[in-house]
Amino acid sequence: MNYSFREIEKKWQNIWEKEKTYETKDLFSPKYYVLDMFPYPSGAGLHVGHFKGYVATDIVARVARMQGFNVLHPMGWDAFGLPAENYAIKTGIHPEITTKKNIDNIRNQMKITGLSYDWSREINTTDPNYYKWTQWIFLRLLEKGLAYKKLLPINWCPSCKTGLANEEVIDGKCERCGTETTKKDIEQWVLKITDYAEKLLEDLDSLDWPDKIKEMQKNWIGKSEGWEIDFKINDINVPVFTTRADTLFGCTYLVLAPEHSLISKLKVENKDEVNKYIEKARNKSERERISEIKDKTGIELKGIKAINPVNQKQIPVFIADYVLGHYGTGAVMAVPAHDERDFEFAKKYNLEIIFVIDSVKDKAFVEDGILFNSGEFDGLKSFEARENIGEFLKGRKKINYKLRDWIFSRQRYWGEPIPVIICEKCGIVPDNNLPVKLPYVEKYEPTGTGESPLATIDSWVNVDCPKCGGKAKRETNTMPQWAGSSWYYLRFIDPNNNNEFAEKEKENFFMPVDLYVGGAEHAVLHLLYARFWHKFLYDLGFVSTKEPFFKLRNIGLVLASDGQKMSKSKGNVVSPDEIIEKYGADTLRMYEMFMGPFEQAIVWNEQGVKGVHKFLNRLWDFVIKNKDEELDELLVEVNKLNKKVSESVEKMKFNTSIAFFMEFLNYAGDKKASKNTLKMLLLLMFPFAPHICSELWEIIGCGNIMVEKWPEYDKRLITEEKVEIIIQVDGKLRDKVEVDIDSTEETVKSLVLQREIIKKWTENKEVSKVLFVPNKLMNIILKK
RNA sequence: GCCGAGGUGGCGGAAUUGGCAGACGCGUAUGCCUUAGAAGCAUAUAUCCUUAGGAUGUGAGGGUUCAACUCCCUCCCUCGGCACCA
């Protein structure tokens, strides 16, 4: 029969809420901190994909509690961001109102799913009591010179009308809205994440994270070691950065980035042409640049020559936009023989190509090798030559990173105000009177001029300088969406503290996060930013660990039944509410875990949901049928189940855990189970399906399951006395035989050779060899 | 182009210190139940050979081994990321 999940689930959720079952109370050890990436409270609510991660961490949290851990498992809202603001522009409804409504809805979705969050620790990044500390961290960065203001050509989204960080530009498009970005010169707040490049790279090794994410961060940071070597143009030193100092004798021209400061100082014969090229390069969008990778353009500086320092040869000088102004020195020594880009360029402009390592036809040879054509350095290996040539030319050893500083200001309303006052006399003055609250405005529309809508509120903008008392103006830019999420995991530890972001003792106790679960899309955004802030706070002595998240796991997407990503605009979203209404929260939870490995993307299939629901109904019937049973035919089996489930949960292979439960019930059939067996079964399943297990636990007369421990299996019970041995002839399965455990080769062999099936296969043939793997297999090899 | 993950029935997937490939679920088929349907229950379900029984089979090809989904080499494809970083 169908168990009445609606009633049962409501009943237990009320009990948990009333008894504050999931509140983390003390500093007792051992602790376990399980964290989900907190969501943006979208108006559409969350879909079943979000809950795949939440259910997984909920199971981990529940198992850990049963194992005696003091579990911290909180939830909050990353609530600043564009959708609420865009909605406000359209409707005039303040983002605060929409946000609150959305949060109430999503919190309810989480509660009806039976997630065991400690709601007393709920946080919201848009709450002034929260962003006070976001601003406080910003002021510390400012104090230490890690936040600075600079006029920069930055990525600009014409649709969102705001600047973007490099990490937010995907394929030349805005990460949020998909509009092509352009370049714009605006004065920006920038955070010096590059100061932490080395530490961010190094400490990756200490983390239990998916290789994929580590690799992505490594590539994003992009470390390369080389030499800075001075070339000369008219007695001016022009440093270039190279990782291939060993190829210097093959350098046949020099290339400057269009932005290079030297260009304006040179007397170039074809000045007009050159300026035209520079102007064109400036206006190229990201996308144009990318599409032109295969077709390099450039222009020679006529009348200018550079001197190659290694052989005093005169070489031509070019400007080309394949050389980037912001990396290295903005100038490169071109070695067409040993660099693909230089090779292409040289072919196009008919420049000299001199091989000095090894030559191949029609393309550059980019590997290391042994030098020739290189004067006194002939015969050296590449790695030796790099050092020798670098030192010979008095070059400087240099490490460069691809990572660039973090563009931190946004020209929008719905974000944390940057707590800074700009005074005509004193310049940039920190406003220590935190929180600097976001004022109400009438119009949310971004101005598009590079100023945020805050700039129009005179009463807010015009203030007295805290330093000199003179006239001053507030900074009107706001922080990016990533600010609040860069440290939120610290606030959960002590969410109501008004004096510090978290009490030192508590921070020291709960950090680091033991398990962090979320989508892989944040690999070089949130996960990099949070590590940066954390390391900064560590250096200042405010936190006690070098890294915030010890173990990270990514959830795979849940795709809609059409194989596409779930999205409101495609109308293919499945909400947890409808599944819970139809089948119950326990079914939703079990199905999300049963779908497949949880790090993998899998298509949603409601037939599968029904299958899981059927299983829960069968579980119900099985327990009810046996609740007063004294006989037990399943004690051994349930102990085996205990072992298998414990092991699979440990590895977070929840899909197989559930298969084991199903196997058990299939095997059980009409066999009898006593209370001990039922209890073990229910305890094992409780983290997966807490409502039905709580109810059945009560029905079999055991009280409240919440206080119970994770069960231990009895090793003696599950030790087999007989084992099945696989018998192969010439490596092919022919027979099986049951023998006592640890039977010797001789025993098994004599048994096997008597068997009719085996006799048939070995008839008239000579046995050349018999292989035996104890308790597993015997392979009889015949002579050919 | 570079980096990473992966390729197993009709579908989602299981099994890797090398040892019964396809657990579990979905779907499908047949039967029971039902006035009928739905639900439920039972049985079957990798492919090929008419069957007993056998052969083949984990992207393709090769190799190591008594034994390969698992290890090695070459290649193909899918997904994700990066994108002229000298």
Side-chain angles (χ1 to χ4, degrees), chain A residues 1-2 170-172 210-224 226 240-244 247 251 255 257 286 289-296 320-324 326-335 338-342 344-345 366 400-404 520-521 523-524 554 556-557 590-591 594-597 599-612 614-615 617-618 621 653 655-666 724-736 760 768-773 775-782:
Chain A
M1 85 171 208
N2 278 324
I170 315 285
D171 255 343
D211 288 341
K212 177 185 170 177
I213 306 288
K214 285 194 188 183
E215 243 357 87
M216 279 167 74
Q217 291 211 350
K218 251 180 221 165
N219 293 340
W220 192 259
I221 295 166
K223 179 180 183 173
S224 38
V240 305
F241 173 72
T242 180
T243 56
R244 292 300 303 272
T247 64
C251 168
V255 194
E286 271 305 297
R289 271 187 96 127
I290 292 167
S291 66
E292 281 171 12
I293 283 178
K294 282 284 152 217
D295 183 30
K296 304 206 171 354
D321 65 1
Y322 81 89
V323 172
L324 307 171
H326 59 75
Y327 183 81
T329 63
V332 306
M333 54 174 245
V335 184
H338 303 293
D339 180 282
E340 280 167 17
R341 296 150 300 179
D342 298 341
E344 244 175 80
F345 192 81
V366 296
N400 271 318
Y401 301 94
K402 289 187 199 173
L403 183 70
R404 295 166 69 183
E521 68 274 16
V524 292
N554 293 125
L557 286 176
M590 294 280 278
Y591 176 66
F594 185 59
M595 292 176 84
E599 304 204 22
Q600 195 173 307
I602 300 178
V603 171
W604 183 265
N605 172 10
E606 192 162 331
Q607 289 303 325
V609 179
K610 285 185 187 165
V612 168
K614 199 160 87 181
F615 164 73
N617 273 320
R618 289 207 293 136
D621 292 345
K653 295 175 82 167
N655 55 329
T656 59
S657 311
I658 291 170
F660 296 145
F661 289 125
M662 290 171 167
E663 264 173 9
F664 174 82
L665 215 57
N666 288 347
E724 197 177 52
I725 301 269
I726 306 302
I727 307 163
Q728 297 180 333
V729 177
D730 279 336
K732 285 190 175 136
L733 173 74
R734 296 302 181 197
D735 199 3
K736 296 173 188 181
K760 206 181 91 190
S768 75
K769 202 167 157 193
V770 173
L771 260 124
F772 180 65
V773 182
N775 298 327
K776 272 203 175 138
L777 153 148
M778 174 161 282
N779 190 1
I780 300 162
I781 317 296
L782 301 175

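Proteins get letters first, then strands, A, B, ... in listed order; numbering begins at 1 in each.
Straight-line distance between the P atoms of A38(B) and U50(B): roughly 36 Å, to the nearest whole Å. Taking atom P in both U64(B) and C69(B), the straight-line distance is 16 Å, to the nearest Å. Separation of the C1' atoms belonging to U30(B) and A14(B) is 27 Å when rounded to the nearest angstrom. Between the C1' atoms of A36(B) and C32(B), the separation comes to 16 Å (whole Å). Rounded to a whole angstrom, the distance from the C1' atom of C49(B) to that of A42(B) is 30 Å. Separation of the C1' atoms belonging to G12(B) and G22(B) is 13 Å when rounded to the nearest angstrom. Distance check on atom P: A39(B) versus G27(B) gives 9 Å, rounded to whole Å. Taking the C1' atom of each, U70(B) and U58(B) are spaced 10 Å apart, rounded to whole Å.
In this structure, G27(B) and U45(B) make a Watson-Crick or G-U wobble pair, each of the two defining distances being under 3.5 angstrom. With both pairing distances under 3.5 Å, G9(B) is matched to nothing as a Watson-Crick or G-U wobble pair. A15(B) is unpaired under the Watson-Crick or G-U wobble criterion, no partner having all donor-acceptor distances under 3.5 Å. Across every strand in view, U51(B) sits unpaired, with no contact that passes the Watson-Crick or G-U test at under 3.5 angstrom. Across all strands shown, U34(B) remains unpaired; no Watson-Crick or G-U wobble contact has both distances below 3.5 Å. Pair check for U74(B) finds A60(B); Watson-Crick or G-U wobble, both atom distances under 3.5 Å.
We find that CD of Q600(A) is positioned 14 Å from C1' of C11(B), with the value rounded to whole Å. Rounded to a whole Å, the CD atom of Q728(A) is 8 Å from the P atom of C20(B). The separation between F615(A) atom CZ and G12(B) atom P is 23 Å, rounded to whole Å. Atom CE of M595(A) is separated from atom P of A14(B) by 13 Å (rounded to the nearest Å). Taking atom CG of N617(A) as the reference point, atom P of A38(B) lies 19 Å away to the nearest angstrom. In this structure, I213(A) places its CD1 atom 9 Å from C1' of G81(B), rounding to the nearest Å. Residue N779(A) contributes atom CG, which lies 13 Å from atom C1' of C20(B) at whole-angstrom precision. Protein atom NZ of K212(A) is 10 Å distant from nucleotide atom P of A5(B), rounded to whole Å.
Note on N400(A): nothing from the nucleic acid sits closer than 4.0 angstrom, heavy atoms only. Within the 4.0 angstrom heavy-atom criterion, no nucleotide atom of any strand lies near E344(A). Heavy atoms of D342(A) sit nowhere under 4.0 angstrom from any nucleic acid atom. Counting non-hydrogen atoms under 4.0 angstrom, I602(A) reaches the backbone sugars and phosphates but no base. Counting non-hydrogen atoms under 4.0 angstrom, R404(A) reaches nothing in the nucleic acid. Across all strands shown, I781(A) has heavy atoms under 4.0 Å from sugar-phosphate atoms exclusively, and none from any base. As judged by a 4.0 angstrom heavy-atom cut-off over every strand, G328(A) is placed among residues making no nucleic acid contact. Base contact: V323(A) has a heavy atom under 4.0 Å from a base atom.
No N or O donor and acceptor, one from the side chain of K610(A) and one from the base of C26(B), sit under 3.5 Å apart. A donor-acceptor contact under 3.5 Å is not formed by the side chain of K769(A) with the base of C66(B).
Set against C24(B), G27(B), C82(B), the side chain of E663(A) has C24(B) as its closest nucleotide. In the set C82(B), C20(B), C26(B), the nucleotide with an atom closest to the side chain of E724(A) is C20(B). The side chain of F594(A) approaches G12(B) more closely than any other nucleotide in the set G40(B), C82(B), G12(B). When distances are taken from the side chain of E215(A) to each of G40(B), C84(B), G4(B), the shortest belongs to G4(B). For Q607(A), the listed nucleotide lying nearest its side chain is C26(B); candidates were C3(B), C26(B), C82(B). Relative to the side chain of P597(A), the nucleotides A14(B), C82(B), C26(B) differ in distance, and A14(B) lies closest.
Under 4.0 angstrom from either OP1 or OP2 of A23(B) there lies no side-chain N or O belonging to T656(A). Between N666(A) and the phosphate of G25(B), there is a side-chain N or O to OP1/OP2 separation shorter than 4.0 Å. When the side-chain nitrogen and oxygen atoms of N219(A) are compared with OP1 and OP2 of G81(B), none of them lie within a distance under 4.0 Å. For G13(B), neither phosphate oxygen OP1 nor OP2 lies less than 4.0 angstrom from any side-chain nitrogen or oxygen of K653(A). A sub-4.0 Å separation between OP1 or OP2 of A86(B) and a side-chain N or O of Y327(A) is present.
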Test side chain to side chain donor-acceptor pair (under 3.5 Å) applied to R404(A) and H326(A), step by step:
CA-CA 9 Å; R404(A) 295 166 69 183; H326(A) 59 75; 3.1 Å; yes

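Considering all non-hydrogen atoms of both residues, F594(A) and I658(A) come closest at CD1-CG2, 3.5 Å. Taking every heavy atom of both residues into account, M216(A) and V524(A) meet most closely at O-CG1, 3.8 Å. Of all heavy-atom pairs spanning V255(A) and A334(A), the tightest one is CG2-CB, 4.1 Å. Between P210(A) and N554(A) the shortest heavy-atom distance is CG-OD1, 3.4 Å.
Within 6.0 Å of CD on E340(A) lie no more than 12 heavy atoms contributed by other residues, nucleotides or ligands.
Because its glycosidic torsion is more than 90° from 0, G54(B) is reported here as anti.
For the pair K736(A) and A331(A), both in contact range of RNA chain B, the more 5′-proximal nearest nucleotide belongs to K736(A). Positionally, the nearest nucleotide of RNA chain B for K776(A) lies more toward the 5' end than for the other of K776(A) and D339(A).
Aromatic ring pairs are classed by plane angle as parallel below 30°, tilted from 30° to 60° and perpendicular above 60°; the pair Y591(A) and W604(A) is perpendicular.
Between the side chain of D342(A) and the main chain of V335(A), a donor-acceptor pair closer than 3.5 Å is present. Of the possible donor and acceptor atoms, none in the side chain of E344(A) sits under 3.5 Å from a partner among the backbone N and O of D295(A).
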